[in-house]
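Only one structure is covered here, and it is reproduced in the block below.
Order of listing sets the numbers, starting from 1, for every ligand and every atom in it.
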Amino acid sequence: MSRERSDKRRGGFMRIAVAGIGAIGSRHVENIREVGHQAVTVDCARPADYAHVGQVASPGDLDAWVVATPTETHLSVVEQILRRDGGARVLVEKPVCSPRDLASLTRVVANHPHARITVNDIYAHSAAVRKFAEVVREIREKPDPIRKVSVEFTKNRCRDVSLGRFVDTQYGEAGYEWFHILSVLRAVLPSADYDVLVRSAPGFVTPDVSVDVMLPGLPDIELHASTVGRIRFGKLGEPALRSPLALEHTAEGFIPFGSEFRYRFARVEFASGREALLAFEPYFGEAKDYRNTHLINVRDPLGPPEWRSYTITSNQLREGLLVQLHNLVRGYDGPQGIRLPEHRYLTALAERVRDSHQHTRRAIHA
Ligand SMILES: NC(=O)c1ccc[n+]([C@@H]2O[C@H](COP(=O)([O-])OP(=O)(O)OC[C@H]3O[C@@H](n4cnc5c(N)ncnc54)[C@H](O)[C@@H]3O)[C@@H](O)[C@H]2O)c1
């Protein structure tokens, strides 16, 4: 059901309340305002229009809410919003809530059939990921089945943490990049394979965190995300990197403290030997808006030796936010909602990471 409040009253512009204007919420506010929508800010500890969601005036006059408070507060903030407006449109930052709150959030969603609650899934709406999925699908349909998928999302977040940025104490490492990694996998794998993967226990998991998935009938899948800068697959993403500094870090296998470099790529290898590679931000430091340029490379062992390349220019955070808000308000988004299977997977992954840390500690002390 669509409310279409903004079309009637504000000539297509929306009025959005953003709860939590820390690192990510403040960027949402900027992005909302930059395109002419109105943002109402709510933060209990920073200068904002309101300190609490319960104080926001005329909630019925809002088109949607964005919840960007720390993860462990998401359930209570969503409940407060729904007490103000039982039909609210709410985009909640990922992870959608703490693992222990997933059952309660599911009940809250079921008890508010006129509301729409969606978890912010940037990579599901990324132009680069969508183009990459199209390239991969074309090759798969030749037919040339996928043999292996590798995805890495590594950053050195130690400076952010030392500056007091929100630390995910519930999902641990699994709370940062793994939701995005699942979105990329969902885009490239056949949907039946993805469903098997996300409903299975994570495969072999290391403390730092690497996951190797070996499930019958599925391609080999190797995944890695480090928040302390440890690179696992430096060689795999290199062919798409265009920045000497980025290449230096991948060769060293480490992103140093304070560096803004994010090593993010997805690579699909096919039975024929074809390869498709997507690198996010491969021009790191080379251009002012390097964050918005992404590269897809495709190589066919039977074709010309050079890679076929596509450049995709897109501000993923802004476009993902605006598309999802638009869909929420217009009611176009289908039942994507809170992505429960993904959050159950993240919960299982967080447990496996904790177990592997304990195992390592025991081995050291033995
Ligand atoms: N989608 C992404 O790629 C992405 C990236 C970063 C963070 N996140 C998620 O965004 C959320 C916030 O992360 P962050 O790094 O911006 O945190 P942050 O600590 O920088 O900001 C959180 C803000 O929320 C405020 N706050 C806390 N409780 C509140 C309440 N009940 N009502 C109003 N304000 C409240 C705090 O004062 C703070 O300003 C987390 O869930 C995190 O996982 C998502």
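- Shortest contact from atom 30 (C) of ligand 1 to any protein heavy atom: Thr69 CG2, 3.8 Å.
- For an aromatic pair to be called close, the ring centres must be under 6.0 Å apart, and Tyr123 with Phe153 satisfies this.
- With hydrogens left out, the protein atom closest to atom 16 (O) of ligand 1 is Ile24 N, 2.9 Å, a heavy atom.
- Under 4.0 Å from ligand 1, the heavy atoms of Ala68 that appear belong solely to its backbone.
- The protein atom (non-hydrogen) at minimum distance from atom 19 (O) of ligand 1 is Phe166 CB, 3.4 Å.
- A salt bridge does not link Glu260 to Arg262: none of the charged nitrogens lies less than 4.0 Å from a carboxylate oxygen.
- Between Pro202 and Arg352, the closest heavy-atom pair is O-NH1, 2.9 Å.
- In summary, the side chains of Gln324 and Asp121 do not present any donor paired with an acceptor at a separation below 3.5 Å, with no hydrogens or angles considered.
- Regarding atom 31 (N) of ligand 1, its nearest protein heavy-atom neighbour is Val77 CG2, 3.8 Å.
- Residue contacts with ligand 1: Pro70 is included, with a non-hydrogen atom under 4.0 Å away.
- Proximity to Arg46 (heavy-atom distance under 4.0 Å) selects the following atoms of ligand 1: 20 (O), 38 (C), 39 (O).
- When Leu163, Val53, Val66, Asp43 are ranked by how near their heavy atoms come to atom 36 (C) of ligand 1, first place goes to Asp43.
- The distance criterion of under 3.5 Å between nitrogen or oxygen atoms is met by Ala23 with respect to ligand 1.
- When only interatomic distances are considered, the shortest N/O to N/O separation between Thr71 and ligand 1 falls below 3.5 Å.
- With side-chain heavy atoms closer than 4.5 Å counting as contact, directly or through intermediates, Leu163 stands alone and belongs to no larger hydrophobic cluster.
- Residues Val211 and Gly203 share a closest heavy-atom pair of CG1-N, 4.0 Å.
- Glu93 and Thr71 share no donor-acceptor pair across their side chains, judged by distance under 3.5 Å alone.
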**Report entry** salt bridge (Lys or Arg N to Asp or Glu O under 4.0 Å) between Asp144 and Arg140, intermediate numbers included
**Finding:** CA-CA 5 Å; Asp144 188 358; Arg140 257 176 36 211; over 6 Å; no
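- In this structure a side-chain-to-backbone donor-acceptor pair under 3.5 Å is present from His112 to Val108.
- Taking only nitrogen or oxygen atoms, main chain and side chain alike, Gly25 does not reach within less than 3.5 Å of ligand 1.
- Using modelled atom types, one finds a donor on one side chain and an acceptor on the other under 3.5 Å when comparing Thr154 with Glu152.
- Of the protein's non-hydrogen atoms, Arg165 NH2, 3.2 Å is the one closest to atom 6 (C) of ligand 1.
- Summarising the contacts of atom 29 (C) of ligand 1 with Gly20, Ala51, Cys44, Gly175, the nearest heavy atom is found in Cys44.
- Taking every heavy atom of Ala45 and a limit of under 4.0 angstrom, the matching atoms of ligand 1 come to 37 (O).
- In terms of protein heavy-atom proximity, atom 44 (C) of ligand 1 is nearest to Glu93 OE1, 2.9 Å.
- Here Ile122 has side-chain heavy atoms under 4.0 Å from ligand 1, and that is the only part of it that gets that close.
- At the top of the distance list for atom 21 (O) of ligand 1, counting protein heavy atoms only, stands Gly22 CA, 3.2 Å.
- Taking the ring centre of Tyr310 as origin, the terminal cationic atom of Lys131 falls inside the region bounded by 6.0 Å and 45° from the ring axis.
- The contact set between ligand 1 and Lys94, taken as ligand atoms under 4.0 Å from a residue heavy atom, comprises 1 (N), 2 (C), 3 (O), 4 (C), 8 (N), 9 (C), 41 (O), 42 (C), 43 (O), 44 (C).
- Polar contact with ligand 1: present for His180 (N/O pair, distance under 3.5 Å).
- Interface atoms of ligand 1 facing His74, defined by a heavy-atom separation under 4.0 Å, are 41 (O).
- Close contacts of ligand 1 with Pro95, meaning ligand atoms under 4.0 Å from a residue heavy atom, involve 43 (O).
- Ring-plane geometry between Phe261 and Phe284 is classed as tilted, the angle between the planes lying from 30 to 60 degrees on a 0 to 90 degree scale.
- A donor atom on one side chain and an acceptor atom on the other are found under 3.5 Å apart for Asn297 and Ser309.
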